[in-house]
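Order of the sequence lines sets the chain letters (A, B, ...), proteins ahead of strands, with each chain counted from 1.
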Amino acid sequence: MRLATWNVNSIRTRVRRTVDFAVREDIDVLAMQEIKCKPEQFPYAQFEEAGYQVEVHGLNQWNGVAIASRLPMTDVSTAFDAMPGFAKGHEGPDAPLEARALGATVDGVQIWSLYVPNGRSLEDPHYTYKLHWLEALRQHAASALQKNPNLPLALVGDFNIIPFDSDNGDPDIVEGVSTHVSPAERQAFFAFQDAGLADVVRPLLPEGFTYWDYQRLKFPRNEGVRIDFVLGSSPLAGAVTGASIYRDERKGEQPSDHVPVVVDLDFGGGDDGDMPMIFA
DNA sequence: ATGGCACGAGCATCGTGA
């Protein structure tokens with residue numbers, strides 16, 4: 001199975017580019033973030049013509065997540081346990097949920113397409129929301145793995161955290177001033193590791209950014225950051241045979257500001273075409 | 001000190017992004 005994650009920054013603007021990428025790179029499951037539309041506005045036809053079915057969770061012009069898959073999706077969910085909500089002047093437990101998570105099971109793999117809240121600034125209520133949202137996600141994942149340690153679980157998407165200084169090529173993002181690099185955010189990210197979910201791309205690709213701001217020539221100067229990740233449980237991590245970051249998708253006409261991150265998975269079925277059969 | 005760019009709603013400009 002080839003599993004990809006991509007913050008597309010409006011699917012209606014970039015549907016051709018997105019589907020072309022999925023077909024060209026032989027993607028089986030594509031988790032998308034920031035689709036920026038409701039289900040009735042989603043361009044299903046282009047995906048279906050290319051052989052994908054799509055699950056969509058979008059409430060308005062903000063956020064929005066989707067999963068396109070060549071194989072059937074089951075157990076579709078639009079929120080994880082205790083996922084907090086957010087709205088201006090509405091920070092209590094009754095705050096409305098946003099469209100930032102979509103879970104589905106494909107071929108026994110539980111996949112979550114995730115768009116972690118940005119945080120906006122270190123003093124903003126959105127920053128607290130971000131930390132609470134991450135903690136609820138971690139607890140949900142930990143609980144799922146406690147119930148079933150053999151579960152191949154993948155948390156993929158835009159985490160809006162720069163885990164290491166080596167992931168930060170943008171001189172405008174500075175610890176103590178900026179979000180994404182604060183100790184609390186990094187701690188929230190590393191807590192997934194303690195829950196049994198490892199970054200499965202980094203061991204294969206220690207370098208490489210996934211986002212460059214549209215402004216101030218950030219891409220030509222390569223002043224990007226690594227904020228898009230595939231976190232996998234041990235059963236999933238053990239099946240990873242490759243990883244790619246498609247930097248070229250930041251080029252050309254109307255690119256997203258993020259690029260796709262892809263992992264190749266081989267669970268030993270031998271029938272998915274990923275690996276040749278070896279006969280003695 | 002501030003803007004720079006891009007997107008969607010909706011028709012002037014604002015909220016959002018990181």
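One interatomic measurement links the two molecules: CZ of A/Phe219 to P of B/dA6, which rounds to 14 Å at whole-angstrom precision. Summarising the geometry, the separation between CD on A/Glu223 and C1' on B/dC5 is reported as 15 Å, rounded to the nearest angstrom. Atoms CD (A/Glu253) and P (B/dC7) sit 11 Å apart, rounded to a whole Å. The separation between A/Ile35 atom CD1 and B/dG8 atom P is 12 Å, rounded to whole Å. Across the protein-nucleic acid pair, A/Arg12 atom CZ and B/dA6 atom C1' stand 14 Å apart, rounded to whole Å.
Using a 4.5 Å cut-off between side-chain heavy atoms of Ile, Leu, Val, Met, Phe, Trp and Tyr, A/Tyr246 falls into a hydrophobic cluster with A/Trp6, A/Val8, A/Ile11, A/Val15, A/Val19, A/Phe21, A/Val23, A/Ile27, A/Leu30, A/Met32, A/Ile35, A/Phe42, A/Tyr44, A/Phe47, A/Tyr52, A/Val54, A/Val56, A/Val262.
In this model, the phosphate group of B/dG8 is approached by a side-chain N or O of A/Thr13 to a distance below 4.0 Å at OP1 or OP2.
Between A/His258 and A/Trp212, the distance separating the two ring centers is not shorter than 6.0 angstrom. Two rings, from A/His132 and A/Tyr129, have their centers 6.0 Å or more apart. Aromatic rings of A/Trp62 and A/Tyr115 (six-membered ring for Trp) have centroids beyond the 6.0 Å cut-off, not under it. Note: A/Phe190 and A/Phe164 meet the aromatic proximity criterion, with ring centroids under 6.0 Å apart.
Look at the P atom in both B/dG10 and B/dG15: the space between them is 14 Å, to the nearest Å. As rounded to the nearest Å, B/dA1 and B/dT13 have P atoms that lie 27 Å from one another. Taking atom C1' on both nucleotides, B/dG8 is separated from B/dA12 by 14 Å, rounded to a whole Å.
Between A/Asp228 and A/Thr210, the side chains place a donor N or O and an acceptor N or O closer than 3.5 Å (distance only, hydrogens not considered).
The two residues A/Ala195 and A/Arg138 have their closest heavy-atom pair at CB-CG, 4.0 Å.
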With sugar-phosphate taken as primed atoms, P, OP1 and OP2 and all else as base, the protein-contact string of nucleotides 11-18 of chain B at under 4.0 Å (heavy atoms; B, S, -) is -----SSB
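Using a 4.0 Å heavy-atom cutoff across all strands shown, A/Gln41 reaches sugar-phosphate atoms only and no base atom. A/Ser178 comes within 4.0 angstrom of nothing in the nucleic acid, heavy atoms only.
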